[in-house]
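Below you'll find the structure, written out as structure tokens, and then a few comments.
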Amino acid sequence: MPAGGGRGGLPQGSHLCWLLCAFTLKLCQAEAPERAEKLSVSTSNLPCWLVEEFVVAEECAPCSNFQAKTTPECGSTGYVEKITCSSSKRNEFKSCRSALMEQHLFWKFEGAIVGVALVFACLVIVRQRQLDRKALEKVRKQIESI
């Protein structure tokens, strides 16, 4: 009998595979920061760092409680750096991604991958045991029929 023959729909393990894929995709989307800046046509509404050269005055650092409430740039990543635009000499804040935050995201991703690998390793072991049992039954039936 061919694999999957006699029953309609997906093979037994495919439902779990699709479920895990959908869960992993949702997890990755939840971890991705949303872009808070909305670009408009006029350059007067744009931050100066989008239209001219700038120098970083203060390195990327976590937002304080006050900054988190008052500075919209803190909303997307929770980290901000202070910049000075070269032409206009304006001081502004710019959202940034810290190395520590990147490291946390990396280890979350690695943990998710290891978890998925363990689940599929268990599925392989279970399926191999099923196939071994079927093969053993066939051998027994052949021995009994002799």
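This one's a predicted model, so the numbers in the text were calculated from it and none came from an experiment. Just so it is clear, the values below take in all heavy atoms, side chains as well, and ignore hydrogens, waters and symmetry mates.
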Quick one: [atom1] on [X] to [atom2] on [Y], what's the gap to the nearest 0.5 Å?
X: N91; Y: E58; atom1: CG; atom2: CD; result: 9.0 Å
X: L118; Y: L123; atom1: CG; atom2: CG; result: 11.0 Å
X: T70; Y: N65; atom1: OG1; atom2: CG; result: 10.5 Å

Quiz item: Ignoring hydrogens and geometry, is there a side-chain-to-backbone donor-acceptor pair from S88 to C85 under 3.5 Å?
Solution: no
Quiz item: Donor-acceptor pair, S64 side chain versus Q67 backbone, under 3.5 Å?
Solution: yes
Quiz prompt | Side chains of V124 and F120 in contact at under 4.5 Å (non-hydrogen atoms) | solution = no
Exercise. Would you mind reporting whether T77 and M101 have side-chain heavy atoms less than 4.5 Å apart?
Key: yes
Could you tell me which non-hydrogen atom of [X] sits nearest to which non-hydrogen atom of [Y], and how far apart they are?
X: A68; Y: C63; value: N-CB, 4.3 Å
X: S87; Y: E52; value: N-OE1, 2.9 Å
X: E81; Y: C96; value: N-SG, 3.9 Å
X: C60; Y: Y79; value: SG-CB, 3.7 Å

Can you confirm whether more than 12 heavy atoms, excluding those of [X], are under 6.0 Å from its [atom1] atom?
X: D132; atom1: CG; value: yes
X: F66; atom1: CZ; value: no
X: E102; atom1: CD; value: yes

Quiz item: Can you check side-chain contact (heavy atoms from CB on, under 4.5 Å) on F54 and K94, steps first, answer last?
Solution: CA-CA 11 Å; F54 63 89; K94 180 178 177 286; 4.1 Å; yes
Exercise. Show the numbers, then the answer: is there a side-chain contact (heavy atoms from CB on, under 4.5 Å) between K82 and V56?
Key: CA-CA 6 Å; K82 188 175 182 180; V56 177; over 6 Å; no
Quiz item: Would V51 end up clustered with W49 when hydrophobic side chains under 4.5 Å apart are linked, directly or stepwise?
Solution: yes
Quiz item: Are I83 and L50 joined in one hydrophobic group, where the rule is that I, L, V, M, F, W and Y side chains link up if heavy atoms are under 4.5 Å apart?
Solution: yes
Quiz item: Can you list the steps and then say if R133 with Q130 is a side-chain hydrogen bond (donor to acceptor under 3.5 Å, both in side chains)?
Solution: CA-CA 5 Å; R133 269 189 246 116; Q130 287 176 348; over 6 Å; no
Quiz item: Where do R90 and T84 land on the side-chain contact (heavy atoms from CB on, under 4.5 Å) test, with the steps shown first?
Solution: CA-CA 6 Å; R90 288 181 6 199; T84 304; over 6 Å; no
